[in-house]
Participant: 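Please see the structure below; I have some questions.
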Amino acid sequence: MTGATIHIVASPESWIEQAAVDQLHQTARLEGIDRIVGLPDLHAGRGIAVGAAFWSPSHVYPHLVGSDIGCGMGLWRCAMPLRKLRLDAAERKLRGLEEPWSGDQVARLADAGLSRDLAGEALGTIGGGNHFAELLRVETLHGDTEVDPAALYLMVHSGSRGLGHAILERHLAQHNVAGLIAGEEACARYLAAHDDAMAWAVLNRELIAKRFLDRLGTTGERLLDICHNSVTPHRGGWLHRKGAAPADKGLVVIPGSRGDMTYLVRPRQERADEALHSLAHGAGRKWSRSEAKDKLVRRFSIADLERTKLGSRVICEDRDLIYEEAQQAYKDIHQVVRDLEQAGLIDLIATLRPLLTYKTRRA
DNA sequence: ATGTCC
């Protein structure tokens with residue numbers, strides 16, 4: 001009945017909070033959950049640990065995916081070379097990304113195979129929490145790679161905004177946290193809505209990147225887009241990823257906190273199954289939002305946090321949010337990536353340095 | 001996380 005195996009990918013040097021491990025054990029009791037993997041960025045969430053993958057041969061559990069269905073990372077190589085970037089000018093030009101996108105939503109939705117009913121004010125906007133759009137440059141190349149060190153890069157972290165939230169709310173109102181049986185109609189309905197939210201989130205990141213690059217007077221080429229909140233068919237069952245990047249969808253970016261490095265990595269396949277074909281999706285929280293605010297508000301001014309230890313800039317005019325999302329609230333990304341490397345799950349391609357992060361101009 | 005809760 002409670003036979004799920006739990007495997008945590010983390011070296012003894014990595015600190016994993018007990019509350020998160022306890023949450024994995026709670027989730028292991030759900031009917032039909034066979035295997036659980038915690039990644040090195042594992043941390044406690046609201047009931048469900050973040051940085052984990054859950055496999056079931058028989059059940060789909062929407063609350064294991066959470067409300068931000070399709071949330072993930074996109075990475076673009078900008079047409080504008082790094083040497084042309086003027087940070088002061090860029091900072092002035094970057095504003096208004098919270099406003100609704102005035103382009104042809106219906107056409108873009110149709111291209112993505114989505115109904116015009118999914119148009120709305122949130123499409124093309126970053127949102128709150130840990131979401132951002134960030135300019136980066138190559139810090140280090142690891143071995144032979146086609147990554148261009150003279151290029152400027154844009155990374156976008158966002159999701160399905162109110163759409164995924166509404167899909168989960170609708171499910172919970174009917175079923176609470178009971179699982180859906182694969183093959184039954186209610187399950188198919190959820191999965192159809194989930195897949196729409198995933199496609200919507202991919203389009204959202206695309207539009208955010210387009211708007212961001214428009215303001216800088218340039219264009220970009222998308223190098224990758226990966227979702228870290230999803231449930232997908234896997235080996236005859238269902239693989240839920242809650243803050244876990246897929247290791248079977250090509251290159252992956254693993255972002256540090258704003259103010260630390262981001263890694264571009266290539267998943268290795270030999271031992272991928274041990275980690276349920278999943279990778280860490282970032283540094284992982286060390287402190288909850290409220291802890292971060294309490295600890296940091298006495299030590300740092302807003303101006304302090306608008307410049308990071310790497311000298312990058314953070315545009316975040318929401319003063320609660322800039323404390324909640326400060327780099328100090330996150331674990332060490334270098335250790336997280338070392339753990340994945342040691343576990344034989346990745347090869348490093350490049351380390352990317354943040355230059356400017358846009359979160360919100362909404363005060 | 002949230003066309004977000006006070």
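In what follows, every chain begins at residue 1, and chains take the letters A, B, ... in the order their sequences are listed.
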Participant: Once you apply a heavy-atom cut-off of 4.0 Å, does A/G127 come out as touching a base, just sugar-phosphate, or nothing?
Facilitator: sugar-phosphate
Participant: Give A/G164 one of three labels, base, sugar-phosphate or nothing, depending on what nucleic acid heavy atoms sit under 4.0 Å from its own.
Facilitator: nothing
Participant: Hey, can you pull the donor-acceptor pairs under 3.5 Å for the side chains in residues 180-191 of chain A, sequence neighbours left out?
Facilitator:
from: A/E185; atom 1: OE2; to: A/R189; atom 2: NH1; distance (Å): 3.0

Participant: Could you tell me how far apart A/H131 (NE2) and B/dT4 (C1') are, to the nearest whole angstrom?
Facilitator: 14 Å
Participant: With the 4.5 Å side-chain cut-off for hydrophobic clustering, are A/L321 and A/V156 part of the same group?
Facilitator: no
Participant: Starting from C1' on B/dT2, measure out to CD on A/E169 and report it in whole angstrom.
Facilitator: 9 Å
Participant: Taking DNA chain B as the partner, which of residues 356-363 of chain A come within under 4.0 angstrom of it by heavy atom?
Facilitator: none
Participant: If a pair satisfies side chain to side chain donor-acceptor pair (under 3.5 Å) and one of its residues is in residues 109-123 of chain A, list it, with sequence neighbours excluded.
Facilitator: A/S115-A/D117
Participant: For a quick test of reading the model: is some side-chain N or O of A/R161 closer than 4.0 Å to OP1 or OP2 of B/dG3?
Facilitator: yes
Participant: Under the side chain to side chain donor-acceptor pair (under 3.5 Å) rule, collect the residues that match up with A/Y153, sequence neighbours excluded.
Facilitator: none
Participant: Classify A/G129 by what it touches in the nucleic acid, base, sugar-phosphate, or nothing, heavy-atom distance under 4.0 Å.
Facilitator: sugar-phosphate
Participant: For A/T27, enumerate each residue passing the side chain to side chain donor-acceptor pair (under 3.5 Å) test, keeping only those at least two apart in sequence or located in another chain.
Facilitator: none
Participant: Not counting sequence neighbours, which residues clear ring-ring contact (aromatic ring centres under 6.0 Å, His included) with A/H142? List them please.
Facilitator: none
